[in-house]
Amino acid sequence: MNATTAAPTAPSAAAIDWDEAFCSEGANCFRFGLDASGRAYIGSTLSPGEYVTDSVEALRALISAVKAGAADHLL
């Protein structure tokens with residue numbers, strides 16, 4: 001995935017249709033979104049203009065890998 005900070009060529013946070021934020025303990029909140037062209041976004045509620053973006057297929061692969069334990073070493 002590509003780490004991106006909102007830039008003139010990127011959609012503004014308002015142009016992204018964000019889902020309800022997912023919050024864990026300590027108010028660490030993340031949200032998922034889509035833009036009009038179908039790109040997927042992951043962002044933090046602490047930094048609304050910063051997000052990671054890629055295709056929906058790439059987001060699906062990331063979520064599958066995390067669910068399979070690929071990020072367990074980070075916990």
Side-chain angles (χ1 to χ4, degrees):
M1 292 202 155
N2 305 315
T4 306
T5 299
T9 58
S12 69
I16 301 168
D17 183 21
W18 293 105
D19 289 339
E20 184 75 26
F22 169 79
C23 300
S24 62
E25 292 180 31
N28 297 316
C29 300
F30 291 91
R31 56 195 181 152
F32 297 97
L34 289 173
D35 67 14
S37 67
R39 289 193 60 80
Y41 295 81
I42 302 173
S44 168
T45 57
L46 296 176
S47 302
E50 298 178 11
Y51 45 77
V52 177
T53 182
D54 211 322
S55 67
V56 171
E57 294 79 18
L59 177 59
R60 188 174 292 120
L62 172 66
I63 292 170
S64 293
V66 169
K67 288 172 80 173
D72 286 356
H73 65 285
L74 300 172
L75 303 175

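Basis for what follows: all heavy atoms, side chains included, without hydrogens, waters or symmetry-related copies.
Considering every non-hydrogen atom in both D19 and R31, the closest pair reads O-CB, 3.9 Å.
Not one N or O on the side chain of S44 forms a donor-acceptor pair closer than 3.5 Å with the backbone of F30.
Remark: of the listed residues I42, D54, V52, I42 is the sole one forming a side-chain contact (heavy atoms from CB on, under 4.5 Å) with L62.
Evaluation of the disulfide (SG to SG under 2.5 Å) test over residues 29-75, restricted to residues two or more places apart or in two chains, returns C23-C29. The disulfide (SG to SG under 2.5 Å) contacts involving residues 30-75 comprise nothing, where partners must be two or more places apart or lie in separate chains. Within the structure, the disulfide (SG to SG under 2.5 Å) test picks out no pair touching residues 45-75 (sequence neighbours left out).
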Just list the side-chain donor-acceptor pairs under 3.5 Å for residues 64-73, sequence neighbours left out, or say none.
| residue | atom | partner | partner atom | Å |
| --- | --- | --- | --- | --- |
| S64 | OG | R60 | O | 3.1 |
| H73 | ND1 | A70 | O | 3.4 |

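Under the 4.5 angstrom side-chain criterion for Ile, Leu, Val, Met, Phe, Trp and Tyr, the cluster partners of V56 are L34.
Residues passing the side chain to side chain contact (heavy atoms under 4.5 Å, CB included) test with E20, sequence neighbours excluded: none. By the side-chain hydrogen bond (donor to acceptor under 3.5 Å, both in side chains) test, S37 pairs with D35, sequence neighbours left out.
The distance from the CZ atom of F32 to the CH2 atom of W18 is 10.0 Å, given to the nearest 0.5 Å.
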